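Just so we're clear, the structure is a prediction, and the values are computed from it rather than from any experiment. Just follow the structure's listing: the first ligand is 1, and inside any ligand the first atom is 1.
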Amino acid sequence: MPMIDADGCLLNVSVEGRDGGPTLMLSNSLGCTLQMWEPQMKALTQVFRVIRYDRRGHGKSNVAPGPYTMERFGRDVLAILDDLNIEKVHWCGLSMGGMVGQWLGANAPERFGKLILANTSCYYAEPTKWLERIDAVKKGGIAAVADAVIAGWLTQDFREREPDITARMKSMLLASPVEGYLACCEALSTLDQRALLPKIKSPTLVIAGRHDMATPISAGELIRSNIPGASMTIIDAAHISNVEQPHAFTDAVVGFLTQR
Ligand SMILES: O=C(O)CC1=CCC(=O)O1
């Protein structure tokens, strides 16, 4: 896997799939690595060349000092595309990945074909929950918030049915570098991309989770209604909908990206 330099921060990038196929870039959620896309990889790599990466502060990427911003995350993506010599990609980002996708769709439209913005938000009316989380993680590490975060990621029904997958997701979260996690929470505490949405001209699919309390359907609807021509699909899942409903998520992605 190449390590790609984005303004002095080395980012862990993986490129797999169909050579010469259309390229799809996947972008992870807070506290997850590129491994979160494993349930989609078999199907997606049959159709697309798939780029995954660990956002700065996550996984095997460097933990550059914060604060981080959506612009910084967006410029990291452009640095990856430039390094790989790739002009244009489709985008699928979940949660923070969807927030970065909003920034890119508005600020680098020529680099993006279609956008999929899953389980995401453009704005938090109440940043208190992020400030409280920052406080709790500073005092007790990620373990202090892990159970509450996992309860938001996956429904209780799924957690009971799939204890092994749930345990893997929790290990991924607990392995996040604390400094990187905190710098991302800080970026979330000041998130407001409402003014960017009408500037997005790429065909856009918003995916929301019926049981997602972190970025509820109303947050998805705010995004859909402000991006010209955007459509929305609701999946029967909590926040990490691609893990909880892998087939429904993959079908939504492939269906949208292959439709003319
Ligand atoms: O981790 C969470 O609690 C949910 C979340 C919100 C933004 C994001 O990327 O993850």
Side-chain angles (χ1 to χ4, degrees), residues 26-37 52-59 61 66-70 72-74 76-77 91-104 116-137 140-156 158-159 166 168-178 180-194 206-220 222-223 235 237-244 249:
L26 303 174
S27 183
N28 55 296
S29 182
L30 173 68
C32 292
T33 70
L34 52 73
Q35 294 290 340
M36 71 171 279
W37 297 109
R52 295 185 283 173
Y53 72 105
D54 290 329
R55 179 170 303 109
R56 60 172 61 211
H58 282 76
S61 290
Y68 300 163
T69 61
M70 287 304 146
R72 180 64 267 161
F73 296 138
D76 288 350
V77 170
W91 179 267
C92 176
L94 189 142
S95 198
M96 280 191 90
M99 296 167 196
V100 181
Q102 294 162 40
W103 189 92
L104 289 164
I116 298 171
L117 309 174
N119 300 82
T120 192
S121 189
C122 60
Y123 165 67
Y124 290 103
E126 194 35 87
T128 320
K129 86 163 194 175
W130 293 111
L131 302 176
E132 286 171 356
R133 192 178 301 186
I134 289 167
D135 202 39
V137 171
I142 295 179
V145 300
D147 285 337
V149 170
I150 294 293
W153 281 7
L154 305 164
T155 60
Q156 182 174 354
F158 181 87
R159 284 180 273 133
T166 304
R168 277 206 294 281
M169 294 302 287
K170 188 171 174 182
S171 302
M172 189 189 294
L173 171 65
L174 288 170
S176 303
V178 171
Y181 188 86
L182 287 170
C184 286
C185 290
E186 272 153 26
L188 291 170
S189 73
T190 56
L191 179 78
D192 188 355
Q193 300 198 125
R194 287 175 291 178
V206 176
I207 295 178
R210 195 179 307 288
H211 312 289
D212 186 352
M213 302 298 182
T215 51
I217 291 176
S218 57
L222 181 63
I223 296 171
I235 289 183
H239 190 60
I240 309 288
S241 63
N242 74 302
V243 170
E244 181 152 358
F249 191 97

Problem set entry | Close N or O approach (Leu188, ligand 1; < 3.5 Å) | no
Exercise. Quick one: nearest non-hydrogen protein atom to atom 1 (O) of ligand 1, plus distance?
Worked result: Trp153 NE1, 3.1 Å
Problem set entry | Which residues share a side chain to side chain contact (heavy atoms under 4.5 Å, CB included) with Ile217, sequence neighbours left out | Ala208, Met232, Ile234
Exercise. Passes side chain to side chain contact (heavy atoms under 4.5 Å, CB included), Ile240 versus Ser29? Steps please.
Worked result: CA-CA 8 Å; Ile240 309 288; Ser29 182; 3.8 Å; yes
For this session: Mind checking salt bridge (Lys or Arg N to Asp or Glu O under 4.0 Å) for Arg55 and listing every partner two or more places apart, or none if nothing turns up?
Result: none
For this session: For ligand 1, indicate whether the residue Met213 contacts it via side chain, backbone, both or neither (heavy-atom separation under 4.0 Å).
Result: neither
Exercise. Does Gly31 have a heavy atom less than 4.0 Å from any atom of ligand 1?
Worked result: no
Exercise. Any sub-3.5 Å donor-acceptor pair from Asn28's side-chain atoms to Met36's backbone N or O?
Worked result: no
For this session: Report, in ascending order of atom number, the atoms of ligand 1 lying under 4.0 Å from any heavy atom of Tyr124.
Result: 6 (C), 7 (C)
Exercise. Is the closest N or O pair between Leu30 and ligand 1 shorter than 3.5 Å?
Worked result: yes
Problem set entry | Within-shell test, Tyr181 vs ligand 1, heavy atom, strictly < 4.0 Å | no
For this session: Please answer whether the main-chain N or O of Val100 pairs with a side-chain N or O of Gln193 as donor and acceptor at a distance below 3.5 Å.
Result: no
Exercise. Does the separation of the ring centres of Trp130 and Tyr124 fall below 6.0 angstrom?
Worked result: yes
For this session: Return the option from Ala187, Ser95, Ala214 holding the heavy atom at the smallest distance from atom 10 (O) of ligand 1.
Result: Ser95
For this session: Return the residue, atom name and 0.1 Å-rounded distance of the protein heavy atom closest to atom 3 (O) of ligand 1.
Result: Arg133 NH2, 2.7 Å
Exercise. Aromatic rings Phe73 and Tyr68: how do their planes relate, parallel, tilted or perpendicular, breaks at 30° and 60°?
Worked result: perpendicular
